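Computed from a prediction, not measured in an experiment: that's the story for all the values here. A, B, ... follow the sequence lines: proteins, then strands. Residue 1 opens every chain. Side-chain atoms are counted along with the backbone in the values below, which use heavy atoms only and exclude waters and symmetry mates.
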There are 2 protein chains.
Amino acid sequence: MAGATRKALKTDAANAITADLVAVLVAVTEGEPKIMTIANDGALPSGPFEFAHRSLQTGLRAWVEAQTGHPLGYVEQLYTFADRGRAGGAKSPHSISISYLGLTREDKVGQGFEAHWSGWYEYFPWEDQRAGLPASLAKTLTSRLRGWSKSAATTSLQRERWQRAAITFGFDGREWNEELVLQRYELLYEAGLIPEAVRDGAPATSVIPGRPMTGDHRRILATGIARLRAKIKYRPVVFELMPAEFTLLQLQRSVEALAGRLVHKQNFRRLIEQQQLVEETGAIAGDTVGRPAKLFRFRHAVLAERAVAGTKLPLSRT
Amino acid sequence: MAGATRKALKTDAANAITADLVAVLVAVTEGEPKIMTIANDGALPSGPFEFAHRSLQTGLRAWVEAQTGHPLGYVEQLYTFADRGRAGGAKSPHSISISYLGLTREDKVGQGFEAHWSGWYEYFPWEDQRAGLPASLAKTLTSRLRGWSKSAATTSLQRERWQRAAITFGFDGREWNEELVLQRYELLYEAGLIPEAVRDGAPATSVIPGRPMTGDHRRILATGIARLRAKIKYRPVVFELMPAEFTLLQLQRSVEALAGRLVHKQNFRRLIEQQQLVEETGAIAGDTVGRPAKLFRFRHAVLAERAVAGTKLPLSRT
DNA sequence: TGGCTTATACTTATCCTGAGCATAATCGAA
DNA sequence: TTCGATTATGCTCAGGATAAGTATAAGCCA
């Protein structure tokens with residue numbers, strides 16, 4: 001073991017690999033969450049980690065800025081995986097993908113770039129539960145997943161499969177858990193219900209709606225969405241996605257867009273205000289219907305004042 | 001950008017690197033959290049990722065089993081970083097470290113290996129708040145951190161530094177947050193109060209207690225502890241560290257050992273039981289002082305029944 | 001038997017959360 | 001001008017979760 005450790009410290013040319021940096025870049029515009037995509041919206045932006053980069057994050061920031069023409073704000077690492085077996089043949093040169101979640105505003109993106117913004121629910125239609133699922137999609141999901149369950153060999157396996165589907169998708173009167181984005185994607189993959197599964201060799205059944213992506217990119221996107229949905233509840237990261245000034249309803253709509261579900265308006269306001277996450281600018285929002293709303297800005301001081309502070313979701317059942 | 005993407009898909013020999021797998025292996029024995037260490041307890045076990053490994057996790061499992069003689073149970077990825085600049089010269093071959101958190105039981109480790117178990121509080125004495133800090137350590141910490149704050153150039157910078165110290169360490173009557181392990185470590189590093197900082201070029205001040213490690217290993221350990229402390233609250237991972245049968249007090253002691261703080265006994269039991277995390281075995285613990293306790297086992301069924309279930313910490317202020 | 005230790009059942013006060021009602025302020029159409 | 005639609009905002013209320021404490025049970029040992 002000490003031998004193994006020492007060996008790792010030398011250059012081991014035989015085990016040399018390359019590293020790719022993959023970015024899930026998120027913005028929210030008019031209550032819709034967007035992600036930056038390339039390759040005709042079929043891939044997440046990604047670039048190689050090069051020697052010139054001083055660190056992984058530096059590398060990521062460097063080429064994201066080169067792509068969008070604007071600096072990246074909040075960045076956090078998502079996951080690292082080795083993609084042999086999937087992309088490329090079994091004997092292809094090894095490569096590692098290191099994925100990141102980045103938050104910006106859509107208006108920060110420059111012109112003249114191949115990259116552009118797509119709505120993230122195009123890739124995960126079932127994740128948008130704000131208005132409930134379209135009846136057709138709901139029907140498709142349940143019937144296909146029930147079919148998959150039934151196709152298991154033994155009764156107990158069948159029960160197990162259905163239980164898993166019911167938990168992740170909130171069937172049988174269970175609650176919908178918006179954080180299980182990745183679990184839902186993986187379940188659908190296993191069940192062979194998405195194009196990527198068919199591409200990777202699953203029997204070609206009819207596939208459910210939702211735009212696929214190259215390689216593992218939709219899985220990475222799922223990871224990013226899940227992370228973000230979890231994070232807004234205990235860290236004030238939504239504000240990275242908001243303009244400098246906003247109304248409480250705009251803030252609420254952004255949170256709802258990310259979480260994919262509606263929240264109780266009054267309780268939402270109570271939480272935001274009692275946590276002192278925002279302060280009034282004194283100005284009033286123009287061009288609105290109904291009673292005009294006060295404008296607020298994020299109180300950057302909270303970052304220094306407290307270790308934790310989030311936007312809990314006061315969920316509404318309606 | 002499309003160019004950059006395509007470039008990443010080819011082998012770029014010039015940017016080839018090697019990847020190391022680093023493990024934070026945790027066990028809890030008699031109410032003390034332990035980690036597996038090598039190199040005279042100065043390093044975490046680590047091994048190279050090799051072509052023979054089908055995936056990163058497979059690689060990790062492979063050589064951990066080779067080291068301990070026993071299979072690894074729960075494993076989760078922690079963080080990936082490129083270590084140029086720190087270890088090795090600026091022009092040394094690039095290498096990436098991918099770190100993992102693994103949970104086992106101490107009795108599972110075989111004999112005849114260099115690796116062995118050390119208490120994790122040897123590396124982070126200030127993280128054990130179960131009996132409060134030893135007065136001497138508490139005094140050292142506050143005075144050194146106050147000194148660091150005072151050494152800032154401007155008054156506002158001084159205030160900022162002290163506020164940060166107060167938040168992460170719970171000074172000035174603030175609450176101690178057991179999850180801020182990494183933030184505390186990084187603060188101490190910045191303040192030049194730990195050996196690693198001096199090694200990396202900080203002015204050689206007198207250093208606070210706590211055993212250092214090679215390279216970034218203590219930082220990785222901090223990441224692992226933080227992750228585990230957060231995770232036990234919403235996923236039933238403590239049970240990975242428990243024997244098959246245990247009393248509720250033993251379970252409580254394990255949780256307290258990991259969290260570094262005490263919990264309210266009665267409320268702890270209520271939480272565990274109402275969540276139906278455990279079931280009675282029917283047996284009674286022997287060789288105890290006081291009234292004998294019932295033995296329990298983990299209800300593995302909860303993993304299938306629910307998406308989330310944790311061991312919330314009913315903290316006691318005493 | 002009394003004292004020590006741990007286990008376990010209950011009680012209580014407080015705070016948090018979900019939910020709903022009521023009122024205010026604006027615009028536009030009748 | 002008034003009514004309705006729409007959004008903003010203040011307030012109440014019931015139920016549940018939480019923190020903390022009290023009380024009792026069941027062993028061991030001197």
Exercise. Just to confirm, is there a sub-4.0 Å distance from OP1 or OP2 of dA7(C) to any side-chain nitrogen or oxygen of Lys265(B)?
Worked result: yes
Exercise. Between Arg229(B) and Glu178(B), is the closest basic N to carboxylate O distance under 4.0 Å?
Worked result: no
Exercise. So Phe246(B) and Phe239(B), would you call those rings parallel, tilted or perpendicular, with 30° and 60° as cut-offs?
Worked result: tilted
Exercise. Under 6.0 Å from the six-membered ring centre of Trp176(B) and within 45° of its axis: does the NZ or CZ of Arg184(B) meet both?
Worked result: yes
Problem set entry | Spacing of Leu271(B) atom CG relative to dA20(D) atom P, expressed in whole Å | 13 Å
For this session: Check the distance between dT7(D)'s C1' and Phe268(A)'s CZ and give it to me in whole angstrom.
Result: 15 Å
Exercise. Side chain to side chain contact (heavy atoms under 4.5 Å, CB included) with Ala293(A): which residues, sequence neighbours excluded?
Worked result: Thr247(A)
Exercise. Could one point to a donor on the side chain of Gln266(A) or the base of dT17(C) with an acceptor on the other under 3.5 Å away?
Worked result: no
Exercise. dG10(D), dT18(D), dT7(D): which one has an atom nearest the side-chain heavy atoms of Leu249(A)?
Worked result: dT7(D)
For this session: Identify, with sequence neighbours excluded, every residue that meets ring pair (Phe, Tyr, Trp, His ring centres under 6.0 Å) alongside His116(A).
Result: none
Seminar exercise, completed: Across all chains, not counting sequence neighbours, the ring pair (Phe, Tyr, Trp, His ring centres under 6.0 Å) partners of Tyr123(A) are none
Exercise. Is the base of dG18(C) touched by the side chain of Arg270(A) through a donor-acceptor pair closer than 3.5 angstrom?
Worked result: yes
Seminar exercise, completed: When Leu221(A), Leu101(A), Leu228(A) are each screened for side chain to side chain contact (heavy atoms under 4.5 Å, CB included) with Leu78(A), the one that passes is Leu101(A)
Seminar exercise, completed: Whole-Å distance, Arg269(A) CZ to dA22(C) P, equals 19 Å
For this session: Answer yes or no: is there an ion pair linking Arg164(B) with Glu186(B), defined by an N-O contact shorter than 4.0 Å?
Result: no
Exercise. With Phe171(A), which residues qualify under ring pair (Phe, Tyr, Trp, His ring centres under 6.0 Å), at least two apart?
Worked result: Trp162(A), Phe169(A)
Exercise. Tell me: NZ of Lys294(A) to P of dT26(C), nearest whole Å?
Worked result: 12 Å
Exercise. Taking CD from Glu273(A) and C1' from dG10(D), how many angstroms apart are they, rounded to a whole number?
Worked result: 10 Å
For this session: Between dG10(D), dG21(D), dA19(C), spot the one nearest the side chain of His264(B), thanks.
Result: dG21(D)
Seminar exercise, completed: With five pairs defining each end axis, the helix from dT1(C)-dA30(D) to dA30(C)-dT1(D) comes out bent, to 10°, by 20°
Exercise. Can you tell me how far C1' of dA19(D) sits from CG of Leu262(B), to the nearest Å?
Worked result: 15 Å
Exercise. Base, backbone or nothing for each nucleotide of nucleotides 24-30 of chain D, written B, S, -, heavy atoms under 4.0 angstrom, 5' to 3'?
Worked result: -BBB---
For this session: Could you tell me the separation between the CD atom of Gln274(A) and the P atom of dC11(D), rounded to a whole number of Å?
Result: 15 Å
Exercise. Could you give the CD-to-P distance, from Gln252(A) to dT7(D), as a whole number of Å?
Worked result: 11 Å
